[in-house]
A.B. asks: 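Got a structure for you, questions after.
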Amino acid sequence: MRVVIAGAGSVGRSIARELLSHDHEVTLIDKNASAMRVSQVPEAEWVLADACELPALEASELEQADVVVGATGDDKVNLVFSLLGKTEFGVPRTVARVNNPKNEWMFDQSWGVDVAVSTPRIMTAMVEEAVAVGDLVRIFSFRQSRADLLELTLPADSRVAGTRLGRVVWPADVTLATIVRDGRPLVPSQDDTLEAGDELLLVAGAEADTDALQELLVPKGEAVPEG
């Protein structure tokens with residue numbers, strides 16, 4: 001997979017290193033010469049240019065990218081880069097960093113953004129997750145589908161603790177994606193049993209009833225009936 005990243009700061013370089021470790025091809029674009037720390041990510045292709053200018057993107061062969069990532073510290077640059085990637089070069093997937101939460105509403109399909117990543121939102125979610133066992137926490141939203149990735153740590157008094165997954169009836173448009181137990185991610189199967197302390201990662205569609213999901217997972221009550 002070929003990935004072009006706008007922004008060669010600490011965030012862009014970190015993303016590049018991670019992608020390269022998974023054998024992807026990475027290009028880093030930045031207009032600031034001070035950001036050209038090639039020795040820190042020598043496996044990447046480096047381009048000193050403005051990621052908002054069409055000639056620079058043409059020279060970087062953006063049309064051959066599978067994914068573009070707007071990772072600069074400037075929301076305007078990330079939006080323009082995503083829009084140009086999607087509309088001018090037909091890039092299949094665009095990911096954009098949101099620096100200011102007040103700008104988050106703009107990071108949608110109208111600006112060519114498929115996935116918006118808000119660092120403040122994720123950090124807030126991580127804080128909430130650390131202190132609120134039994135509460136649903138939205139980790140992030142998929143802009144294109146409007147689905148949410150949710151996390152909940154199953155409390156000891158949950159009515160589904162000790163219940164086999166095959167017996168749990170999830171609300172419509174909700175899917176259990178992963179169970180994290182003792183620091184290890186597990187692919188859920190119908191024969192697995194939920195345990196107190198399990199960290200559940202769930203995908204909820206735009207029409208999902210999260211109140212019903214919270215009610216299913218959290219309150220004390222009788223065991224889930226068979227069927």
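Quantities reported herein were computed from a predicted structural model and do not represent experimental measurements. What's counted below: heavy atoms across the whole structure, side chains too, no hydrogens, waters or symmetry copies.
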A.B. asks: For the residue pair Val113 and Ala116, what are the closest heavy atoms and their distance?
C.D. replies: CG1-N, 4.0 Å
A.B. asks: Whether Arg181 and Asp198 form a salt bridge (side-chain N of Lys/Arg under 4.0 Å from carboxylate O of Asp/Glu) is what I want to check.
C.D. replies: yes
A.B. asks: Give, for atom CG of Leu154 and atom CD of Glu199, the distance between the pair rounded to the nearest 0.5 Å.
C.D. replies: 11.0 Å
A.B. asks: Would a 4.5 Å heavy-atom cut-off, applied to side chains only, mark Leu165 and Trp170 as touching?
C.D. replies: yes
A.B. asks: Nearest heavy-atom pair of Asp114 and Lys86: which atoms, and what distance?
C.D. replies: OD2-NZ, 2.8 Å
A.B. asks: Taking the side chain from Thr72 and the backbone from Asp74, do they hold a donor-acceptor pair closer than 3.5 Å?
C.D. replies: yes
A.B. asks: Does any N or O in the side chain of Arg97 come within less than 3.5 Å of the main-chain N or O of Ala71, such that one atom is a donor and the other an acceptor?
C.D. replies: yes
A.B. asks: Do you know the tightest heavy-atom contact between Ala161 and Ala156?
C.D. replies: CB-O, 4.3 Å
A.B. asks: Which heavy atom in Leu28 sits nearest to a heavy atom in Ala8, and how many Å separate them?
C.D. replies: CD2-CA, 4.3 Å
A.B. asks: Do Phe107 and Trp105 belong together in a cluster built from hydrophobic side chains that touch within less than 4.5 Å?
C.D. replies: yes
A.B. asks: Are any side-chain N or O atoms of Asp108 and backbone N or O atoms of Ser110, one a donor and one an acceptor, separated by less than 3.5 Å?
C.D. replies: yes
A.B. asks: Applying side chain to side chain contact (heavy atoms under 4.5 Å, CB included), run through Phe89 and Glu58 and close with a yes or a no.
C.D. replies: CA-CA 9 Å; Phe89 296 92; Glu58 290 170 353; 3.8 Å; yes
A.B. asks: What is the distance from atom CE of Met106 to atom NZ of Lys76, rounded to the nearest 0.5 Å?
C.D. replies: 9.0 Å
A.B. asks: Any side-chain heavy-atom pair from Arg2 and Thr27 closer than 4.5 angstrom?
C.D. replies: yes
A.B. asks: How close do Val174 and Ala204 get, heavy atom to heavy atom, and via which atoms?
C.D. replies: CG2-CB, 4.3 Å
A.B. asks: Classify the side-chain pair Asp75/Asn103 by whether it contains a donor and acceptor separated by less than 3.5 Å.
C.D. replies: yes
A.B. asks: Should Leu194 and Ile179 count as side-chain neighbours, where that means a heavy-atom distance under 4.5 Å?
C.D. replies: yes
A.B. asks: As an exercise, state the distance from CG of Leu19 to CD of Glu43, rounded to the nearest 0.5 Å.
C.D. replies: 12.0 Å
A.B. asks: Would you call Val203 and Leu149 a side-chain contact if the rule is heavy atoms closer than 4.5 Å?
C.D. replies: yes
A.B. asks: If I compare all heavy atoms of Gln40 with all of Arg13, which pair ends up nearest, and what's the gap?
C.D. replies: OE1-NE, 2.9 Å
A.B. asks: Under the side chain to side chain contact (heavy atoms under 4.5 Å, CB included) criterion, do Asp192 and Leu186 qualify, and how do the steps go?
C.D. replies: CA-CA 10 Å; Asp192 287 325; Leu186 307 174; 5.6 Å; no
A.B. asks: Looking at Asp182 and Arg184, does any basic side-chain N land under 4.0 Å from a carboxylate oxygen?
C.D. replies: no
A.B. asks: According to a hydrophobic-cluster definition based on side-chain heavy atoms being under 4.5 Å apart (Ile, Leu, Val, Met, Phe, Trp, Tyr only), do Ile15 and Met36 belong together?
C.D. replies: yes
A.B. asks: Are the side chain of Ser158 and the backbone N or O of Pro155 linked by a donor-acceptor pair below 3.5 Å?
C.D. replies: no
A.B. asks: With the 4.5 Å side-chain cut-off for hydrophobic clustering, are Val47 and Val77 part of the same group?
C.D. replies: no
A.B. asks: Find out whether Ile29 and Leu57 are in side-chain contact, i.e. whether some heavy atom of one side chain is under 4.5 Å from a heavy atom of the other.
C.D. replies: yes
A.B. asks: Please assess Glu151 against Thr153 for the test side-chain hydrogen bond (donor to acceptor under 3.5 Å, both in side chains), listing each intermediate value before the final yes or no.
C.D. replies: CA-CA 7 Å; Glu151 185 275 344; Thr153 300; 3.0 Å; yes
A.B. asks: First locate atom CG of Leu216, then atom CG of Asp211, and finally report the distance between them rounded to the nearest 0.5 Å.
C.D. replies: 12.5 Å
A.B. asks: With rounding to the nearest 0.5 Å, note down the distance linking CG in Leu84 to OG1 in Thr94.
C.D. replies: 11.5 Å
A.B. asks: Distance from Asp173 atom CG to Asp209 atom CG, nearest 0.5 Å?
C.D. replies: 10.0 Å
A.B. asks: For Leu152 and Leu150: C-alpha separation, side-chain torsions, deciding distance, then whether side chain to side chain contact (heavy atoms under 4.5 Å, CB included) applies.
C.D. replies: CA-CA 7 Å; Leu152 181 139; Leu150 308 174; over 6 Å; no
A.B. asks: Evaluate side chain to side chain contact (heavy atoms under 4.5 Å, CB included) for Arg167 paired with Val160, printing each intermediate quantity in order.
C.D. replies: CA-CA 9 Å; Arg167 297 174 55 196; Val160 297; over 6 Å; no
